[in-house]
Amino acid sequence: MKKTLFITLCALVALASCQKKNAPLFRGDYSFKTSGTVTIDEIVAEDDTIEPSSYTISLPNEIGQLEISDLGNGKDSVLVVMNTMGGEVVVTHAFCSDNEIFMKDYKKNTLLFTGDSLTLKNDLRVKATGRMYEGNTLILNMVYEGEAETDERNYKIYGDDIRMAAIRN
């Protein structure tokens with residue numbers, strides 16, 4: 001009887017400890033910097049005779065604060081709040097597994113400047129996954145996708161070499 005009770009108790013403790021093992025690794029406050037490049041391609045109609053413009057531009061470096069909070073739902077889901085200095089606040093959810101984090105796609109605003117005096121304010125869709133290094137450094141790999149319109153021209157925006165480096169405060 002004692003042996004069965006002991007085995008049952010050990011199994012319950014093991015299940016309870018495994019239930020939320022990944023979220024605490026990421027929970028905390030971070031300082032971050034984001035950088036990378038995007039490609040901006042002009043969208044032209046098939047019957048249009050002009051050559052579409054294409055630009056590869058560097059994103060403006062963004063710095064700010066990142067907070068990852070446990071949702072308290074007994075799972076490895078977390079709430080991610082990014083507060084860009086002089087910019088916007090983005091809130092999204094993420095799922096943690098081992099030392100990786102998978103963010104739910106979210107929208108963000110950014111200004112893009114090309115060498116031809118073209119300024120695009122746009123809404124981008126962002127996909128992000130990341131990995132924790134040494135218990136205090138989070139590196140997120142991001143993909144930006146979206147469209148912008150200016151001067152009656154439309155542009156498609158894409159970038160998949162965007163990185164956010166976040167250090168736990």
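Being a predicted model, the structure only gives us computed values, none of them experimental.
A donor atom on one side chain and an acceptor atom on the other are not found under 3.5 Å apart for E67 and N83. Between the side chains of S54 and D41, at least one donor N or O sits under 3.5 Å from an acceptor N or O. Counted by atom type alone, D161 and T37 present one or more donor-acceptor pairs between their side chains at under 3.5 Å.
Across L66 and A166, no two heavy atoms sit closer than the pair CD2-CB, 4.0 Å. Heavy atoms only, all atoms of each residue included: E62 and Y144 are closest at OE1-OH, 4.3 Å. Annotation for F26 and M132: closest pair CD2-CE, 3.7 Å, computed over non-hydrogen atoms. M142 and A128 make their closest contact through CG-CB, 4.0 Å (heavy atoms, listed as atom of the first residue, atom of the second, distance). Pairing each heavy atom of E42 with each of R153, the nearest pair is OE2-CD, 3.1 Å. Between N169 and S31, the closest heavy-atom pair is OD1-OG, 2.8 Å.
A side-chain contact (heavy atoms from CB on, under 4.5 Å) with I68 is found for exactly one of L138, D29, L25, namely L138.
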Exercise. Under the side chain to side chain contact (heavy atoms under 4.5 Å, CB included) rule, what do H93 and L79 come out as? Steps first, then yes or no, please.
Key: CA-CA 5 Å; H93 290 90; L79 182 69; 3.9 Å; yes
Practice problem: Step by step, work out the side chain to side chain contact (heavy atoms under 4.5 Å, CB included) result for E147 and I43. | Solution: CA-CA 9 Å; E147 293 184 0; I43 300 170; 4.3 Å; yes
Practice problem: Would you please test V78 and C96 for side chain to side chain contact (heavy atoms under 4.5 Å, CB included) and show each step? | Solution: CA-CA 8 Å; V78 293; C96 305; 3.9 Å; yes
Exercise. Mind running side chain to side chain contact (heavy atoms under 4.5 Å, CB included) on M82 and K108 for me, showing each step along the way?
Key: CA-CA 10 Å; M82 289 173 271; K108 74 179 275 67; over 6 Å; no
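Linking Ile, Leu, Val, Met, Phe, Trp and Tyr whenever their side-chain heavy atoms come within less than 4.5 Å puts M103 and V90 in one cluster. Hydrophobic clustering, with ILVMFWY side chains joined whenever heavy atoms are under 4.5 angstrom apart, keeps L140 apart from I167. Connection of Y106 to V38 is established within a shared hydrophobic cluster, with ILVMFWY side chains joined at heavy-atom distances below 4.5 Å, either directly or through further cluster members. Using a 4.5 Å cut-off between side-chain heavy atoms of Ile, Leu, Val, Met, Phe, Trp and Tyr, with links allowed through other members, L124 and I162 fall into the same hydrophobic cluster.
Residues passing the salt bridge (Lys or Arg N to Asp or Glu O under 4.0 Å) test with K127 are E145, sequence neighbours excluded.
Residues N99 and Y133 are not in side-chain contact: their nearest non-hydrogen atoms beyond the backbone lie 4.5 Å or more apart.
A salt bridge between D70 and R27 is present, with a side-chain N of the basic residue lying under 4.0 Å from a carboxylate O of the acidic one.
Annotation: the span from E100 atom CD to F102 atom CZ amounts to 4.0 Å, rounded to 0.5 Å. In this structure, CZ in R131 is found 8.5 Å from CG in D98, a value given to the nearest 0.5 Å. Remark: M85 CE to I63 CD1 distance equals 4.0 Å, nearest 0.5 Å. Between the CZ atom in R163 and the NZ atom in K33 there is a gap of 14.5 Å [rounded to 0.5 Å].
A distance-only check finds no donor-acceptor pair linking the side chain of T84 to the backbone of G64 [under 3.5 Å].
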